[in-house]
**Student:** 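Before anything else, here's the structure in question.
Counting starts at 1 for both ligands and their atoms, in listed order. Treat the numbers as computed from the prediction; the structure is a model and nothing was measured. Starting from 1, each residue takes its place in the sequence as its number.
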Amino acid sequence: MTDEHSHLPAEPGNDDASAPDTSLVPDEPIVNPGLPEHAWRPTDVDPKAERRAERQVATLFGLSAVCAVLFVVSYLVFDVNGGGDGETVQTVFGLGASNVALGVSLGLALMFIGIGLIQWARKLMGDHEIVEMRHPARSSDEDRTETVRVLNLGAEESGIARRPLVRNSLLLSVGVLLAPVVVLLKDLGKTNAEVIDEAAYPGAGLEHTVWTSGMRVVRDVVGTPIRPGDLEIGDLINAEPEIIFEVDEDGEHVLEGVHLQIAKSKAAVVLIRMDPDENKPAKGREDWAVDGILCYSKICTHVGCPISLNERKTHHLLCPCHQSTFDLADAAKVVFGPAARPLPQLPLMVNDEGYLVAQSDFKEPVGPSYWERDSQQSTSK
Ligand code: FES
């Protein structure tokens, strides 16, 4: 049974469960216990302890600066790409040495600066109990003036002006902490070709893909080559290049691991077959299709999503990310959405064995726009 008034469940064995229990109601209002007596910290009363704490804080800020420098050194010393010539990536406990060094050094830099700030606040900043009464949301002008006064007082009591050692070491650690940010900016604008030797890894840069003349177009995942007769009108399939590189006496690299995945992902394409009469080839592309089969980059030119939502009747290809729509019958021009340029087209032909192959690489960079893209003199291979 439940007490109707108090909404509390009845105690087991309580016969008079409907009567409220008044024993818990105090007769008098609870008296404000006030603040406990203030306890002074060692650093408040002992100048030696104060100086010790000051040195401790400065040491923590100094360690933070050292770790930030180690971050920069790690960035320059460890090669994320394993030397770019097929060497294996250096590892520590099974993890990439570069990632470990960068993560540990930056983590320690942030940790030391954080601990230093906490110690500064706990041991050296002003230590007063403050009672603040509730008041309307908008502060009065007097309160605002008082806030400014308290902030100034806080700055004064933090000792930032009086303690040049702490202040300067903090400024040093925060300043050096900017170095990792600046160093990482170095990667902006650098093309993959500069990071990875494009001669050693074909198609590594932004300007080219791995497609070369005569390279077979194969179904993605299964890797089977494709004959024109394999596609019905209206069909669209995902495809990729059949990447075969031999190691010759000059030591040409075999694409494998992450380099192979990069090459394949950049070179991903869609094949679509339509009635040849529906195709409106752009000038100079009259011989890029085979029996109404056209091949376009699968990477959206907006921000690079893989794209393959096909509207069979209209030949429109829709990007699922932001709905850019390309007309595959009209040189993949943009008919809707934020993409700024058509999908690059791969010229097709048929080889002696009757399989679809590329005539060359794409004639323009695939993927999203990037600065200087339009000034690149992209050439076929
Ligand atoms: S990535 Fe395709 S529309 Fe944005």
Side-chain angles (χ1 to χ4, degrees), residues 184-185 187-196 198 201 203-211 217-221 226 231 234-241 243 258-274 278-282 285 288-289 292-348 358 360-376 378:
L184 291 178
L185 288 176
D187 284 344
L188 288 179
K190 186 189 288 186
T191 66
N192 285 352
E194 291 170 299
V195 178
I196 303 172
E198 192 170 14
Y201 296 102
L206 291 178
E207 292 81 36
H208 299 290
T209 72
V210 76
W211 285 106
V217 185
V218 297
R219 292 176 187 268
D220 72 348
V221 183
I226 303 162
L231 276 78
D235 281 355
L236 180 141
I237 63 172
N238 297 308
E240 63 185 26
I243 301 173
V258 67
H259 303 299
L260 179 61
Q261 295 309 318
I262 290 173
K264 279 189 172 181
S265 59
K266 282 182 53 193
V269 292
V270 291
L271 281 177
I272 184 169
R273 183 163 197 174
M274 63 183 73
E278 293 180 307
N279 182 27
K280 295 181 280 181
R285 299 187 183 182
W288 285 20
I293 299 173
L294 300 123
C295 187
Y296 291 101
S297 169
K298 186 179 166 63
I299 305 171
C300 182
T301 54
H302 179 219
V303 289
C305 284
I307 174 173
S308 62
L309 298 175
N310 182 32
E311 292 178 357
R312 286 176 78 110
K313 287 189 178 166
T314 60
H315 309 306
H316 286 174
L317 196 63
L318 178 74
C319 177
C321 289
H322 313 101
Q323 286 70 55
S324 285
T325 307
F326 305 86
D327 185 354
L328 300 188
D330 189 10
K333 287 180 183 159
V334 181
V335 294
F336 180 79
R341 61 191 181 92
L343 294 171
Q345 184 175 357
L346 187 76
L348 287 180
S360 67
D361 190 10
F362 291 97
K363 303 292 186 182
E364 58 188 319
V366 299
S369 300
Y370 55 92
W371 59 73
E372 297 180 348
R373 174 191 169 274
D374 292 333
S375 66
Q376 301 291 339
S378 188

**Student:** With atoms numbered from 1 as shown, which atoms in ligand 1 lie under 4.0 angstrom from a non-hydrogen atom of Val303?
**Tutor:** 1 (S), 4 (Fe)

**Student:** Taking C-beta and beyond as the side chain, do Leu294 and Leu348 meet within less than 4.5 Å on heavy atoms?
**Tutor:** no

**Student:** Are the sulfur (SG) atoms of Cys321 and Cys300 separated by under 2.5 Å?
**Tutor:** no

**Student:** Checking one value in my table: which N/O/S atom of His302 lies closest to atom 4 (Fe) of ligand 1?
**Tutor:** ND1

**Student:** In ligand 1, which numbered atoms sit nearer than 4.0 Å to a non-hydrogen atom of Cys300?
**Tutor:** 1 (S), 2 (Fe), 3 (S)

**Student:** For residues Phe326 and Thr301, determine if any side-chain heavy atom of one lies less than 4.5 Å from a side-chain heavy atom of the other.
**Tutor:** yes

**Student:** Measure from the side-chain N and O atoms of Lys266 to the backbone N and O of His208, and report whether any donor-acceptor pair falls under 3.5 Å.
**Tutor:** yes

**Student:** Among the N, O or S atoms of His322, which one sits nearest to atom 4 (Fe) of ligand 1?
**Tutor:** ND1

**Student:** Asn238 versus Arg219: any side-chain heavy-atom pair under 4.5 Å?
**Tutor:** no

**Student:** Does Cys305 approach ligand 1 within less than 4.0 angstrom via side chain, backbone, both or neither, non-hydrogen atoms only?
**Tutor:** both

**Student:** N/O/S of Cys321 less than 2.8 Å from atom 4 (Fe) of ligand 1?
**Tutor:** no

**Student:** State, yes or no, whether a side-chain contact exists between Leu317 and Thr325 at a heavy-atom distance under 4.5 Å.
**Tutor:** no

**Student:** Note the single closest protein heavy atom to atom 3 (S) of ligand 1, along with its residue, its atom name and the distance in Å.
**Tutor:** Ser324 OG, 3.1 Å

**Student:** Using a 4.0 Å cutoff against the non-hydrogen atoms of Cys319, which atoms of ligand 1 qualify?
**Tutor:** 1 (S), 2 (Fe), 3 (S)

